[in-house]
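These values consider heavy atoms only, across backbone and side chains, with no hydrogens, waters or symmetry-generated copies. Lettering of chains follows the sequences in order, A, B, ..., and the numbering in each one begins at 1.
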2 protein chains.
Amino acid sequence: MSAKDVAAKAGVSRAAVSRTFTPGASVSPETRSKVLEAAEALGYEVNHLARGLIRQQSGIVALVVAQLATPYRSELVRALTDQLQAAGKVAILINTDRSDSTVDMALQQAIRYRADAAIVLSGMPERSITELCHRNGLRLVLINRDDSHTSSIQIRLNDAEAARLGLIAFVRSGCKKLALATSEAGTPSLVAREQSFLAEAGKRGIDVICERYGPTGYESGLVLGERLLVRPDRPDAVFCTTDLLACGVMDAARHRFSLAIPDDLSIIGFDNIPQAGWEAYQLTTFTQPVEDIAAAAMDWLSHTETQEKPHVVHLTATMAWRKSVRSGKP
Amino acid sequence: MSAKDVAAKAGVSRAAVSRTFTPGASVSPETRSKVLEAAEALGYEVNHLARGLIRQQSGIVALVVAQLATPYRSELVRALTDQLQAAGKVAILINTDRSDSTVDMALQQAIRYRADAAIVLSGMPERSITELCHRNGLRLVLINRDDSHTSSIQIRLNDAEAARLGLIAFVRSGCKKLALATSEAGTPSLVAREQSFLAEAGKRGIDVICERYGPTGYESGLVLGERLLVRPDRPDAVFCTTDLLACGVMDAARHRFSLAIPDDLSIIGFDNIPQAGWEAYQLTTFTQPVEDIAAAAMDWLSHTETQEKPHVVHLTATMAWRKSVRSGKP
DNA sequence: TTGTAGGCGTTATCAT
DNA sequence: ATGATAACGCCTACAA
């Protein structure tokens, strides 16, 4: 089942077989068809391990991700694999849920398989590992990460501007008592949203109740909702740094406090996960441009000229208006 | 950055380097440490492409999946990659959303990278491709698929028994007018659930309204709910072959027909996706044993003795009682 | 325990 | 256009 076997069966040299499977190589139509026929008969498939070895590029791209089962993450991974495949590459998926140091482990694994690039969706690689990647010719795509380094690209969102718009929406709709709900994850994008919301409020002299709890998931939202709504100075608007948190807050408001949304409480989230559009939520939020993110990564990967200066791409999450913010005037 | 470089720096032979990185090889502690030191200094990592080439096993396992962004699928993929990594393997993710023939393309890709195995979560490989996999030593794990073949394992659920239990639950709670909602996907597990529900109803002389529409997602559930609830003989219980469909049906009932669940309408789903546990749904459903599924796959993969007889593993989805079925007596 | 030599399946270079 | 030959980086007898 190797090229040698095919060559023997077709009565040609191994080189001829190789050329047949190399786009743009010079083979006569006759030998080509002889080779193809023999390959078909033998069930031959080119060995990409061997090919990668000699070509010095494997065609492999590593996807480093935590919390894959989360709506936004799975959507992004889907978009990424989709576009990667369309470009003739193959994705290896590395899960970093177990421990925090595993982002570095993941990158090491990527190096061992001589991946052409690694796309990091979660966690933060150590500087030393980043360096190691660079030395091993592993290009890095950092999505919503902070650290920058040569031979890598960062893809960023307009988190700050979005959060600012969220605050303005609350103010315009006449909300008086504003709150912010976030998790303890402290990832760059979450922090950016939080700080920008707070900063804009401060600029306008508005007080914001700030609550922070647990991991970034639905259950944390439930807890955050409870904490916020039990207060004597109950807020009438909550900006959640994530849709999952927002869903939790909404459910807490409705089912534990019998509040109506948006009449008693306005909510804004971030990500625009599928559930945000479900009838039960109809959440006003910001859309993660997953296809654009994937496209930006692909675009940079296809530009093989390894620019030495760090590269940053800014993408924008646009507001998706639904029904979780009341439209009344002050 | 190859073993040769490390050997030179450490003043030993290439073989010594190789042995240092091969668990259970005989190296003296002194040479070992010399090698490790040199490797560290040079940033050396074993090339798994080359290793796979000579060992005849790459350590790669392909995950073939469609609709990755769906809650159940992403959960399963997470469990699979997790356990794969724990076993020292690496997962390549192949997305088959684009066209139907791409399951075969996916398997071809897996062969080209000399994957040790492929785990198929979606779609159905052609018989000829299955054969090709076998010839290329690619072991196949089929999850909830029909076709069987030598050198492959099937992992199945108790779909039929679960559906039967669902019907019994409806009957016991005094529901009179039963319905079944499913998609047009026609995958083996969906069909099994549907037919078993219908069969048990038939055995008891109960009529079931059967509605089928679109892909297996929330939006289809909305449509199915609408169709079912607009009927003059409106059902008071709906078995949905999937939680996503169930959520859609529930939302249609509540928001388009102002029905209360479970008082006016009882619902049972399947999968136990995270959303089924959300306060807004509290859906009674059947739990996909994702960790067990992954464990079963891993277990079979670790047994390297390639049994020639096709192997089938049966796992059970247990009922998760929540609040979408009324508990009243007839 | 250590080093030497051969081969895994490709592709690239160089003749022909 | 085709075929021989070297090389990619590694592992594994085999011999020392």
5' precedence on DNA chain C between B:T31 and A:R51 (nearest-nucleotide basis)
B:T31

Are side-chain heavy atoms of [X] and [Y] found at a separation under 4.5 Å?
X      : Y      : value
A:L157 : A:P289 : yes
A:R156 : A:V313 : no
A:V141 : A:I155 : yes
B:N95  : B:T102 : no

Among pairs that include at least one residue of residues 84-97 of chain B, which meet salt bridge (charged side-chain N to carboxylate O under 4.0 Å, His left out), considering only residues two or more places apart or in two chains?
B:K89-B:D116

NA contact type, [X], heavy-atom cut-off 4.0 Å: base, sugar-phosphate, or nothing?
X     : value
B:Y44 : sugar-phosphate
B:V17 : nothing
B:E30 : nothing

Between A:L121 and the options A:T96, A:V77, A:V64, the side chain to side chain contact (heavy atoms under 4.5 Å, CB included) test singles out A:V77

Under 3.5 Å, which protein N or O atoms sit close to an N or O of nucleotides 4-8 of chain D? Give each pair with its distance.
none

Picking from C:dG9, D:dT2, C:dT11, which would you name as closest to the side chain of A:S26?
D:dT2

